[in-house]
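Before any comments, here is the structure.
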Amino acid sequence: MLNKLLTLVLVREPSRVLLGLKKKGFGEGKWNGFGGKVEPGETILEGAKRELLEESGVVSNSLEEIGLLKFEFVGDPQILEVHVFTSNTFEGEIKESDGSTRIFLHFAEMRPQWFYTDKIPLHQMWADDKYWFPMFLKGSKFKGYFLFEGHEKIVKYQLDEVEKL
Ligand SMILES: Nc1nc(SCCc2ccccc2)c2[nH]cnc2n1
């Protein structure tokens, strides 16, 4: 299967969500949760925890999978399969990462910032987020498929709230 396994972690307090501004690479210039590739030999959950720690300095031991999103880009056979997690307990102090390798952690070019749930910068996020973020904020689980043309235009999509992923 050509699907590329990715994770996305949204750290959440009752009225705030932690997002990171991607300074380089895929999704550069967009605010997003913390995530990335699942490495060989690790589970999706382990990958999610690893990326969260690498990209934000946050250690979370209670991630809950809340969404499954598949992204296809016109002209590219590889489908991104993004497993979305939320975390409502965490420890560690939030660190900016500048891509330089630290002694302890390899940071992945993210600038973390808290956003109040009524001030999510959707216009500076991936175009699909405006569709499923409200489901995330109200605690629903969701499954979606988005066909992109380039990185900004959604050609078609399917999105459903689900009881179980
Ligand atoms: N919100 C959102 N996220 C992603 S990729 C998330 C996973 C990821 C992958 C690589 C680096 C960092 C994070 C998206 N792709 C297309 N629409 C999208 N929406």
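Atoms within each ligand, like the ligands themselves, are counted from 1 in listed order.
With salt bridges taken as basic N to acidic carboxylate O contacts below 4.0 Å, one links R50 and E54.
Using modelled atom types, one side-chain atom of E55 and one backbone atom of G35 make a donor-acceptor pair closer than 3.5 Å.
Remark: K153 engages E149 in a salt bridge (charged side-chain N to carboxylate O under 4.0 Å, His left out) (not counting sequence neighbours). Considering only residues two or more places apart in sequence or on other chains, K164 meets the salt bridge (charged side-chain N to carboxylate O under 4.0 Å, His left out) condition with none of them. With sequence neighbours excluded, no residue satisfies salt bridge (charged side-chain N to carboxylate O under 4.0 Å, His left out) with K49.
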Write none if no such pair exists; otherwise list each N/O atom of ligand 1 with its protein N/O partner under 3.5 Å and the distance.
residue  : atom   : partner : partner atom : Å
ligand 1 : 1 (N)  : N32     : OD1          : 3.1
ligand 1 : 1 (N)  : D129    : OD1          : 3.0
ligand 1 : 1 (N)  : D129    : OD2          : 3.1
ligand 1 : 3 (N)  : N32     : ND2          : 3.0
ligand 1 : 17 (N) : D128    : OD1          : 2.7
ligand 1 : 19 (N) : D128    : OD1          : 3.3
ligand 1 : 19 (N) : D128    : OD2          : 3.1
ligand 1 : 19 (N) : D129    : OD1          : 3.2

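Taking the six-membered ring where the residue is Trp, the centroids of W126 and Y131 are separated by 6.0 Å or more.
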